[in-house]
Amino acid sequence: MGYPHPSHPRETVVLSKHFGDPAARTYQGWVQRGGYQAIRKALELGREPLIELVKQSGLRGRGGAGFPTGLKWSFMPKDDGKPHYLVCNADESEPGTFKDREILRWTPHQLIEGCLIEAFAIRAAVVYIFVRGEFTEIFPVLDEALREAYANNAAGRNIFGSGVDIDIVVHRGAGAYICGEETAMLNALEGKRGNPRIKPPFPAQAGAFGLPTTVNNVETLAAVPHIVVNGAEWYKGLSRGNPKSTGTKLFSVCGHVQRPGNYEVTMGFPMNDLIHDLAGGMRPGRTLKAVIPGGSSVPILTAEEAEACLMDYESIAEKGSMLGSGGMIVMDDTTDIVKTIWRYTRFYAHESCAQCTQCREGTSWTARVLERIIAGQGKPGDLDLLLDLSEQMTGKTICVLSDSCAAPVVSGIKKFRAEFDAYLSGSRTPALQAV
């Protein structure tokens, strides 16, 4: 578990093994813990075998989409003669998610080594680490780690005498949630407004500055050195039987549990055990009501669904939600589901880049209708209106921000309709003053 709590005996600590250990932040401390062996091995292995190794491991993107990492690397051109870029997505802004900041805070060299390995594999001479602007405590740690990496020939020109040049640049974001979307991030990196781009072309064809680019998440990159050192079979062996979901995953558990924090478990770990054992269960006298398993942008699970679910991509999808970023928001029986969903829609309405009409108008309309309902001013047709708005917002925009707003609304109405009806009938006291 993330500092200051010790790891739970049922965790499988790989990425989080050195959380809370100040010495692991330094170059020498990381080397003493086995650091920078993987990049040396990768340089000897060669680019194509390295990409194949990551493919064979089954590693999938840990930022939310879950796309196979090695396959994503293989999309980069081989001998096009153009500069290539790697962009590390450290713009962790999904509500309920706080895992990447712990990697940055405690093991920056783990991330740097992962960046070096991927940059070598995809022929990128420059890496940009795009960090969420609010992570003020992270920047001095990351800057010092990079200074040490350059001083010890782990970054820059001719790394470890290999003849390979890789520069790493930290870019500070301006605090926009939408910049977590990879093409919006690329626009922001170029100094433009952080609006998502229409795809195709995809970043591997025309990314940063119009050149081939791969974007990967912090946790994804941090897993790569361990795969290189220990092998694909070792990583696949960490799974609980599902070959499509391999390795370990950091889950950020928050909400109404007694031990909120980051937990690293193998894919396929029971959600019931994660909530009730590792995270300490509900507060005294309370019972589980609902769980949002992958950050606020995924559909809500009921208590029954959550307690019968395994923590991997396919199992959560079977229950009608998504693993997403792994940000688990746990709610007990005191939670007002309608008000909770309203708060999420306000967030998405505020964070919309306003480029697409369905998102710009739909998110704000959704928030206003929900606000009307919880203020005791709801109308009989409001739920149908919300469902219609959600339909118009889903799959019809450049990025999925409007889909993210719609997901909790649709699942909330479907699974907790009685709470909406209570507001509409006047049998529940308004949560807000009349608006």
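All values derive from a computational prediction rather than experimental measurement.
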Problem - Over all atoms of both residues, closest heavy-atom pair of P196 and C353 - result: CD-SG, 3.7 Å
Problem - Heavy-atom side-chain contact between L401 and E181 under 4.5 Å - result: no
Problem - Expected output: side-chain E94 to main-chain T97 donor-acceptor under 3.5 Å - result: no
Practice task
Please examine the side chains of R172 and T136, heavy atoms only from C-beta on, and report whether any two atoms are closer than 4.5 Å.
Solution key: yes
Fill in the blank from the handout: Correct closest heavy-atom pair for S390 and V410 would be CB-CG2, 3.5 Å
Practice task
Taking only Lys NZ, Arg NE, NH1 and NH2, and the carboxylate oxygens of Asp or Glu, determine whether K72 and E182 approach each other closer than 4.0 Å.
Solution key: yes
Exercise for the section: Scan V257, L288, I292 and name whichever one has a side chain to side chain contact (heavy atoms under 4.5 Å, CB included) with M331. Expected result: I292
Exercise for the section: Supply the atom-to-atom distance Y36 OH to E113 CD, rounded to the nearest 0.5 angstrom. Expected result: 6.5 Å
Practice task
Using only heavy-atom distances, determine whether the side chains of S245 and E314 contain a donor-acceptor pair under 3.5 Å.
Solution key: yes
Exercise for the section: Check the pair E102, K99 against salt bridge (charged side-chain N to carboxylate O under 4.0 Å, His left out), reporting the backbone distance first and the verdict last. Expected result: CA-CA 5 Å; E102 295 302 302; K99 60 185 177 62; over 6 Å; no
Handout entry: Under-4.0 Å salt bridge between R132 and D100
Key = no
Handout entry: Which atom of C88 lies closest to which atom of L111, heavy atoms considered
Key = SG-CD1, 3.8 Å
Exercise for the section: Heavy atoms only: give me the nearest L278-R259 pair and the separation to one decimal. Expected result: O-NE, 3.4 Å
Handout entry: Any donor-acceptor pair under 3.5 Å from N262 side chain to F98 backbone
Key = yes
Practice task
Output the distance between atom OG1 (T248) and atom CD (E219), rounded to the nearest 0.5 Å.
Solution key: 7.0 Å
Handout entry: E419 vs R428, salt bridge (charged side-chain N to carboxylate O under 4.0 Å, His left out): CA-CA, chis, key distance, verdict
Key = CA-CA 8 Å; E419 295 198 27; R428 180 162 190 163; 3.6 Å; yes
Practice task
Please say whether the positively charged group of R25, taken as NZ for Lys or CZ for Arg, lies over the ring of W30, i.e. under 6.0 angstrom from the six-membered ring centre and within 45 degrees of the axis.
Solution key: no
Handout entry: N-O pairing of E391 and K396 below 4.0 Å
Key = yes
Practice task
Could you grab the distance from atom CG of D336 to atom OH of Y423, nearest 0.5 Å is fine?
Solution key: 3.5 Å
Exercise for the section: Determine, for R147 against E144, whether the closest basic-nitrogen to carboxylate-oxygen distance falls under 4.0 angstrom. Expected result: yes
Problem - Of K415, K414, K319, the residue whose pairing with E305 passes salt bridge (Lys or Arg N to Asp or Glu O under 4.0 Å) - result: K415
Practice task
For the residue pair H8 and V265, establish whether any side-chain heavy-atom pair is separated by less than 4.5 Å.
Solution key: no
Problem - Side chain Q355, main chain N195, donor-acceptor under 3.5 Å - result: no
Problem - Residue pair I275 / M282, side-chain heavy-atom distance below 4.5 Å - result: yes
Exercise for the section: Kindly compute the distance separating CG (L50) from CD1 (I39), expressed to the nearest 0.5 Å. Expected result: 8.0 Å
Fill in the blank from the handout: Heavy-atom closest pair (M393 atom, D403 atom, distance to 0.1 Å) is O-OD1, 3.4 Å
Exercise for the section: Please determine if E371 and R368 form a salt bridge, counting it only when a charged side-chain N lies under 4.0 Å from a carboxylate O. Expected result: no
Practice task
Answer whether the closest heavy-atom distance between the side chains of R197 and P201 falls below 4.5 Å.
Solution key: no
Exercise for the section: Dump the intermediate steps for ring-ring contact (aromatic ring centres under 6.0 Å, His included) on F347 and Y177, then the final yes or no. Expected result: CA-CA 9 Å; F347 171 80; Y177 171 80; 5.0 Å; yes
Handout entry: Test item: T26 side-chain N/O and A23 main-chain N/O as donor-acceptor pair under 3.5 Å
Key = yes
Practice task
Would you confirm whether S16, through its side chain, and F19, through its main-chain N or O, come within 3.5 Å as a donor-acceptor pair?
Solution key: no
Exercise for the section: Taking S352 for its side chain and A354 for its backbone only, find out whether a donor-acceptor pair lies under 3.5 Å. Expected result: yes
Problem - Main-chain N/O of N272 paired to E307 side chain as donor or acceptor, under 3.5 Å - result: no
Exercise for the section: Starting at CG of L59, measure out to CG of L71 and round the result to the nearest 0.5 Å. Expected result: 12.0 Å
Handout entry: Result of checking R60, K249, K244 against M267 for side chain to side chain contact (heavy atoms under 4.5 Å, CB included)
Key = K249
Handout entry: Under 3.5 Å: donor-acceptor pair, side chain of T214, backbone of L86
Key = no
Practice task
Answer whether the closest heavy-atom distance between the side chains of I341 and F420 falls below 4.5 Å.
Solution key: yes
Practice task
Measure the shortest side-chain to side-chain distance between T363 and T345 over non-hydrogen atoms and say whether it is less than 4.5 angstrom.
Solution key: no
Handout entry: Shortest non-hydrogen separation from L301 to S321 and the atoms involved
Key = CD2-CB, 3.7 Å
Exercise for the section: Compute whether any side-chain donor of one residue and acceptor of the other, for E148 and H109, lie under 3.5 angstrom apart. Expected result: yes
Exercise for the section: Please test S315 against D312 for side chain to side chain donor-acceptor pair (under 3.5 Å), starting from the C-alpha separation and ending with a verdict. Expected result: CA-CA 6 Å; S315 297; D312 62 38; 2.9 Å; yes
Exercise for the section: Determine, stepwise, if the pair R193 / N187 fulfils side chain to side chain contact (heavy atoms under 4.5 Å, CB included). Expected result: CA-CA 6 Å; R193 180 181 168 89; N187 272 341; over 6 Å; no
Problem - Test item: E190 side-chain N/O and F209 main-chain N/O as donor-acceptor pair under 3.5 Å - result: yes
Practice task
Would you mind reporting whether H18 and W106 have side-chain heavy atoms less than 4.5 Å apart?
Solution key: no
Handout entry: Under 3.5 Å side-chain donor-acceptor pair for S402 and T397
Key = yes
Problem - R286/D333 ion pair, N-O < 4.0 Å - result: yes
Exercise for the section: Mark yes or no for whether S252, through its side chain, and L250, through its backbone, hold a donor-acceptor pair below 3.5 Å. Expected result: no
